[in-house]
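For reference, positions follow the sequence shown, starting with 1.
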Amino acid sequence: ITFKLTNDAKSSNFDPKKIPVFVMDGKVLPIGYNINSISKDNIQSVDVLKPDTEAKKTELISKYGKGAVNGVIIITMKKQAN
């Protein structure tokens with residue numbers, strides 16, 4: 001899986017070279033988590049939240065922490081059949 005963020009944000013704090021916050025099934029993944037260990041076959045959806053306005057940046061930071069200034073990648077995994 002490869003993610004690329006572009007510098008579309010109006011905020012001067014946004015840095016496309018920094019890693020965004022990754023959230024998988026509602027849980028924030030720790031910094032340094034090997035995102036490449038996730039099999040693409042197990043992913044249901046991926047949403048990219050960009051801090052492209054001050055209001056959005058404030059919302060993302062309050063919900064996901066200060067690292068969200070670089071964006072948030074939300075990964076929803078497929079449900080495993082029992």
Side-chain angles (χ1 to χ4, degrees):
I1 299 174
T2 302
F3 296 101
K4 182 179 179 183
L5 297 178
T6 59
N7 197 1
D8 292 340
K10 305 293 185 237
S11 169
S12 60
N13 293 330
F14 180 79
D15 185 346
K17 295 177 185 170
K18 292 188 179 179
I19 297 173
V21 172
F22 286 90
V23 178
M24 184 167 36
D25 290 336
K27 296 180 183 176
V28 175
L29 298 178
I31 294 172
Y33 182 87
N34 182 4
I35 202 73
N36 293 322
S37 67
I38 301 171
S39 171
K40 67 179 180 178
D41 295 330
N42 294 330
I43 295 175
Q44 177 178 322
S45 66
V46 176
D47 294 311
V48 178
L49 306 178
K50 296 192 287 186
D52 50 3
T53 65
E54 285 300 315
K56 187 67 171 183
K57 181 174 81 170
T58 301
E59 175 189 346
L60 292 177
I61 290 171
S62 69
K63 190 168 184 178
Y64 299 107
K66 64 183 179 178
V69 71
N70 294 311
V72 179
I73 308 292
I74 299 178
I75 302 168
T76 303
M77 303 300 287
K78 291 178 182 174
K79 303 298 179 210
Q80 300 295 324
N82 290 338

All N/O donor-acceptor pairs, side-chain side in residues 21-35, below 3.5 Å, sequence neighbours left out:
{"from": "Asp25", "atom 1": "OD1", "to": "Met77", "atom 2": "N", "distance (Å)": "2.9"}
{"from": "Asn34", "atom 1": "OD1", "to": "Asn36", "atom 2": "N", "distance (Å)": "3.1"}

pair Ile19-Asn70: side-chain heavy atoms closer than 4.5 Å: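 The answer is no; the side chains never approach within 4.5 Å.
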Test item: Ser45 and Thr76 side chains (from C-beta on) under 4.5 Å apart, heavy atoms: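 Yes; the side chains approach each other to less than 4.5 Å.
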Between OG1 on residue Thr53 and CD on residue Glu59, distance to nearest 0.5 Å: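 Going from the OG1 atom of Thr53 to the CD atom of Glu59 covers 8.5 Å.
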Straight-line distance of Leu49 CG to Lys63 NZ, nearest 0.5 Å: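 With rounding to 0.5 Å, CG (Leu49) is 8.5 Å from NZ (Lys63).
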Nearest atoms (heavy-atom pairs only) where Ile73 meets Pro20: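 Answer, listing the atom of Ile73 first, then Pro20: CG1-CG, 3.8 Å.
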Heavy atoms of other groups near Lys78 NZ, more than 12 under 6.0 Å: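 Counting neighbours around NZ of Lys78, more than 12 heavy atoms of other residues, nucleotides or ligands fall under 6.0 Å, so yes.
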Derivation of the side chain to side chain contact (heavy atoms under 4.5 Å, CB included) call for Val46 and Ile74: CA-CA 6 Å; Val46 176; Ile74 299 178; over 6 Å; no
